[in-house]
Amino acid sequence: MSEELTLLVRRRGLLIKKAFIKHNGRAVGEYIYVKRGLFEAEAEFDLEDGVLYYLQICWFRRCSVWFDGEPDRPPAAALIKKALAILSEMASFSEAAKAALRAVASWKSRSSQFRTSDLTHRLV
């Protein structure tokens, strides 16, 4: 296994790294890392199986790591908002970012305090 850097951006507090993980000369995975101010995220995606293996998002050095679609600890609302904004921008050029965006958005919708079946939040 080897890693081939395909994109490196450093500009005004923004750092983006994208690399393909290769096996026998063939891309089998994609790795991304992004840092913007106090926000950091990294993800690893299997291109063959279409599986997000690893996702970690951090804000003020408090991190949440996703395993099997669930974070190890509930991330702060500000972290989720920042992650959705940054990952949606990166999704245009990264399969790993698309998968990470789906995982974060899915968790956000499942963890919402208001459910469509919950009528207590509606005004009568």
Side-chain angles (χ1 to χ4, degrees):
M1 293 275 217
S2 64
E3 198 172 285
E4 180 182 303
L5 186 66
T6 57
L7 176 71
L8 177 63
V9 175
R10 287 186 189 156
R11 186 176 193 127
R12 296 184 181 162
L14 173 67
L15 172 65
I16 299 174
K17 292 180 187 177
K18 176 182 170 183
F20 283 115
I21 300 163
K22 294 193 166 193
H23 180 69
N24 293 332
R26 197 169 50 99
V28 294
E30 182 182 329
Y31 169 82
I32 58 165
Y33 173 82
V34 61
K35 181 175 176 152
R36 173 85 176 175
L38 297 170
F39 173 83
E40 289 182 72
E42 67 179 326
E44 191 171 316
F45 182 73
D46 186 318
L47 294 169
E48 293 178 327
D49 298 332
V51 175
L52 182 67
Y53 278 128
Y54 178 77
L55 171 61
Q56 175 178 293
I57 56 174
C58 304
W59 180 254
F60 286 105
R61 301 225 184 254
R62 280 201 60 188
C63 298
S64 292
V65 180
W66 264 253
F67 294 105
D68 296 324
E70 294 294 322
D72 61 344
R73 69 173 69 163
L79 175 59
I80 293 296
K81 184 177 178 181
K82 191 77 156 172
L84 291 173
I86 290 175
L87 291 170
S88 65
E89 289 290 324
M90 294 181 65
S92 64
F93 62 85
S94 170
E95 292 299 317
K98 281 181 195 173
L101 180 63
R102 284 192 305 269
V104 173
S106 175
W107 182 84
K108 181 183 176 195
S109 69
R110 285 192 317 271
S111 67
S112 173
Q113 59 181 332
F114 297 123
R115 303 277 186 218
T116 55
S117 61
D118 182 11
L119 301 178
T120 60
H121 71 278
R122 293 186 182 173
L123 294 175
V124 179

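What you are looking at is a predicted structure, and each value in this text was computed from that prediction instead of being measured.
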Do any side-chain atoms of residues 69-86 form donor-acceptor pairs under 3.5 angstrom with protein atoms, and if so which ones, sequence neighbours left out?
from, atom 1, to, atom 2, distance (Å)
Glu70, OE2, Arg110, NE, 3.3
Glu70, OE2, Arg110, NH2, 2.4
Asp72, OD1, Val65, N, 2.9

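There is a side-chain donor-acceptor pair under 3.5 Å between Glu42 and Tyr31. At a cut-off of 3.5 Å, with distance as the only test, no side-chain donor of Gln56 or Ser64 sits close to an acceptor on the other residue.
For Arg26 and Glu48, the salt-bridge test passes: some basic side-chain N is under 4.0 Å from an acidic carboxylate O.
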message: Using the rule given for side-chain contact (heavy atoms from CB on, under 4.5 Å), can you reason through Leu14 versus Val34, listing the C-alpha separation, both sets of side-chain angles and the distance that settles it, and then say yes or no?
response: CA-CA 7 Å; Leu14 173 67; Val34 61; 4.1 Å; yes
message: One pair to check against side-chain contact (heavy atoms from CB on, under 4.5 Å): Ile32 and Ile16. What are the steps and the verdict?
response: CA-CA 7 Å; Ile32 58 165; Ile16 299 174; over 6 Å; no
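Heavy-atom minimum distance, Ala43 versus Leu52: CB-CD1, 4.1 Å.
Annotation: disulfide bond (SG atoms under 2.5 Å apart) contacts involving residues 4-50, sequence neighbours excluded, are absent. The stretch residues 30-76 participates, sequence neighbours left out, in these disulfide bond (SG atoms under 2.5 Å apart) pairs: Cys58-Cys63.
Contact annotation: the side chain of Val28 never approaches that of Lys22 to less than 4.5 Å [non-hydrogen atoms, C-beta and beyond]. Residues Tyr33 and Leu15 meet the side-chain proximity criterion, which asks for heavy atoms closer than 4.5 Å. The shortest side-chain heavy-atom distance between Met1 and Ile21 falls under the 4.5 Å cut-off.
Here the CD atom belonging to Glu44 is positioned 8.5 Å from the OH atom belonging to Tyr53, to the nearest 0.5 angstrom. Here the CD atom belonging to Glu4 is positioned 11.0 Å from the NZ atom belonging to Lys18, to the nearest 0.5 angstrom.
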